[in-house]
Number of protein chains: 2
Amino acid sequence: MGRKRADLLQGTLDLLVLRVLSREDLHGWGLSKRIRQLSGDVLEVNQGSLYPALYRLRDRGLIEGSWGISPEGRRARFYRLTRAGQKEVDAEQENWRLFTAAVERVLVAD
Amino acid sequence: MGRKRADLLQGTLDLLVLRVLSREDLHGWGLSKRIRQLSGDVLEVNQGSLYPALYRLRDRGLIEGSWGISPEGRRARFYRLTRAGQKEVDAEQENWRLFTAAVERVLVAD
DNA sequence: AGGGATACCTTGACTTTCTAGGCAACCGAT
DNA sequence: ATCGGTTGCCTAGAAAGTCAAGGTATCCCT
């Protein structure tokens, strides 16, 4: 019900995850912290949204996961972009830009 | 399943409707055409999304509707912003800007 | 008579997100 | 030794918004 700040708009989470993973392989927990940090503490990624999103992306063949050891020395599953994911992130970002530009046009119309 | 663009991101429709109504009173059909036109034919508003959105906004007390005659001479329900709606549109727009700026920061990081 | 445009409205499925948990291992402090 | 905090993964159920696909009615033009 209440609209908090930090609530994500449907569809943006996939793009954010893909874009961050396009720069570095990360595990879920780290991804969450990275997105929050990069966004300047504006975007909060819920675990309950993140993991389902990762499985979605994996099922679509855009990312792959493998177990490893986190910088903190814990067992963690690291994700990396597949070839398809590298293409998808560019497409989705282009899309996002087109979309926000269109919204902006409506917002500022004369 | 397929993701077309023109699909709206959840949450933006309310803002678009409020912003357009903040400049002119319109009925559903006209609102739909106006948003498409202002966005440069990028944003398509489905009737099945628009009417529920209008009722939501009405139930939240942000807009009011009244029957009238459209420019084409047809019976149509015109909506206008309430006082609360005028405040809300500014708040939601500010919110949208903060959100997109945060996303952009993640997208272009280093 | 028929088709197209205008205009309103509803239903059901679908997708995504959120809330709110659970589980486990590790670490520092008491 | 145990307690709380952190790291880390995962899931179930509910809530919300959008979409596809309808239906209804009136008006106008051919």
Side-chain angles (χ1 to χ4, degrees), chain A residues 1-18 25-37 43-60 62-63 65-79 92 96 99 103, chain B residues 1-18 25-37 43-60 62-63 65-79 92 96 99 103:
Chain A
M1 36 192 64
R3 300 193 144 23
K4 281 248 190 87
R5 177 54 24 359
D7 284 15
L8 288 177
L9 267 51
Q10 205 156 305
T12 48
L13 181 53
D14 288 9
L15 171 57
L16 292 173
V17 167
L18 290 175
D25 293 358
L26 279 173
H27 55 296
W29 186 263
L31 206 37
S32 166
K33 283 196 304 181
R34 183 59 108 219
I35 291 177
R36 178 170 56 238
Q37 175 227 328
L43 271 20
E44 294 281 344
V45 181
N46 286 312
Q47 303 288 81
S49 305
L50 179 62
Y51 289 107
L54 288 171
Y55 305 149
R56 267 200 313 273
L57 294 171
R58 184 196 54 197
D59 292 347
R60 287 172 61 200
L62 304 178
I63 63 176
S66 59
W67 288 102
I69 301 296
S70 78
E72 283 78 12
R74 306 293 182 79
R75 174 177 150 283
R77 194 196 292 273
F78 285 80
Y79 291 94
E92 287 202 20
W96 166 256
F99 176 75
V103 170
Chain B
M1 37 188 64
R3 301 185 145 27
K4 283 252 190 87
R5 190 36 58 247
D7 285 14
L8 287 178
L9 266 51
Q10 206 155 304
T12 47
L13 181 53
D14 288 8
L15 171 57
L16 292 172
V17 167
L18 290 175
D25 293 358
L26 279 173
H27 55 295
W29 187 263
L31 206 36
S32 165
K33 282 197 304 182
R34 184 58 109 218
I35 291 176
R36 178 169 58 238
Q37 175 228 329
L43 271 20
E44 295 281 344
V45 181
N46 285 313
Q47 303 289 78
S49 305
L50 179 62
Y51 289 107
L54 288 172
Y55 306 149
R56 271 201 309 273
L57 294 171
R58 185 194 55 196
D59 292 346
R60 287 173 61 199
L62 303 179
I63 63 176
S66 59
W67 287 103
I69 301 296
S70 79
E72 284 78 12
R74 305 295 183 78
R75 173 177 151 283
R77 193 196 292 273
F78 285 81
Y79 291 94
E92 287 203 21
W96 166 257
F99 177 76
V103 170

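Reminder, nothing fancy here: chain letters follow the sequence lines and each chain counts from 1.
- The CG atom of A/L54 sits 9 Å away from the P atom of D/dC9 (whole-angstrom rounding).
- Taking only side-chain nitrogens and oxygens, A/N46 never comes nearer than 4.0 Å to OP1 or OP2 of C/dT17.
- Here the C1' atom of nucleotide C/dC9 and the CZ atom of B/R75 are 11 Å apart, to the nearest Å.
- In this structure, CG of B/L26 is placed 11 Å from P of C/dA7, rounded to the nearest angstrom.
- Here the straight-line distance linking atom CG of A/L43 with atom CD1 of A/I35 works out to 7.5 Å at 0.5 Å rounding.
- Rounded to an integer number of Å, the gap from NE2 of B/H27 to C1' of C/dT6 is 8 Å.
- For the pair A/I69 CD1 and D/dC9 C1', the computed distance is 14 Å after rounding to whole Å.
- With sequence neighbours left out, the side chain to side chain donor-acceptor pair (under 3.5 Å) criterion links B/R56 to B/D14.
- Here the side chains of A/L31 and A/V45 are not in contact, with every heavy-atom distance at 4.5 Å or above.
- Between the C1' atom of C/dT16 and the CG atom of A/D59 lies a distance of 15 Å, rounded to the nearest Å.
- Atom OH of residue B/Y79 and atom CG of residue B/L62 lie 13.0 Å apart, to the nearest 0.5 angstrom.
- If you take CZ on B/F78 and CD1 on B/I69, they are separated by 8.0 Å, rounding to the nearest 0.5 Å.
- Checking C/dA7, C/dT17, C/dC9 against the side-chain heavy atoms of A/P52 singles out C/dT17 as nearest.
- Not one side-chain nitrogen or oxygen of A/R56 sits closer than 4.0 Å to the OP1 or OP2 atom of C/dC14.
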Extract from the structure each pairing of a protein N or O with an N or O of nucleotides 26-30 of chain D at less than 3.5 Å, listing the distance.
residue	atom	partner	partner atom	Å
D/dT26	O2	B/R74	NH1	3.0
D/dC27	O2	B/R74	NH2	3.2

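- Contacts between residues 28-37 of chain A and DNA chain C, counted as heavy-atom distances below 4.0 Å, involve no residue at all.
- Residue A/Q10 is classed as a base contact, given a heavy-atom separation below 4.0 Å to a base.
- Judged as a side chain to side chain contact (heavy atoms under 4.5 Å, CB included), and not counting sequence neighbours, the contacts of A/R75 are A/W67.
- Atom OG of residue B/S49 and atom CD of residue B/Q10 lie 10.0 Å apart, to the nearest 0.5 angstrom.
- The phosphate of C/dA7 (OP1 or OP2) has no side-chain N or O of B/Y51 nearer than 4.0 angstrom.
- Nucleotide D/dC10 holds its C1' atom 12 Å from the CZ atom of A/R58, rounded to whole Å.
- Not counting sequence neighbours, the partners of A/T12 by the side chain to side chain contact (heavy atoms under 4.5 Å, CB included) test are A/L8, A/L9, A/W96, B/L9, B/F99.
- Among the nucleotides C/dC8, C/dC18, D/dC9, the one closest to any side-chain atom of A/A76 is D/dC9.
- A/L13 places its CG atom 5 Å from the P atom of C/dT17, with the value rounded to the nearest Å.
- Between A/Y55 and the phosphate of D/dC9, there is no side-chain N or O to OP1/OP2 separation shorter than 4.0 Å.
- Taking A/W29 as the reference, A/H27, A/K33, A/Q47 meet the side chain to side chain contact (heavy atoms under 4.5 Å, CB included) condition, with sequence neighbours excluded.
- Residues satisfying the side chain to side chain contact (heavy atoms under 4.5 Å, CB included) test with B/R34, not counting sequence neighbours, are B/V20, B/E24, B/L26, B/Q37, B/L38.
- Checking the phosphate oxygens (OP1, OP2) of D/dC19, a side-chain nitrogen or oxygen of B/S49 falls inside 4.0 Å.
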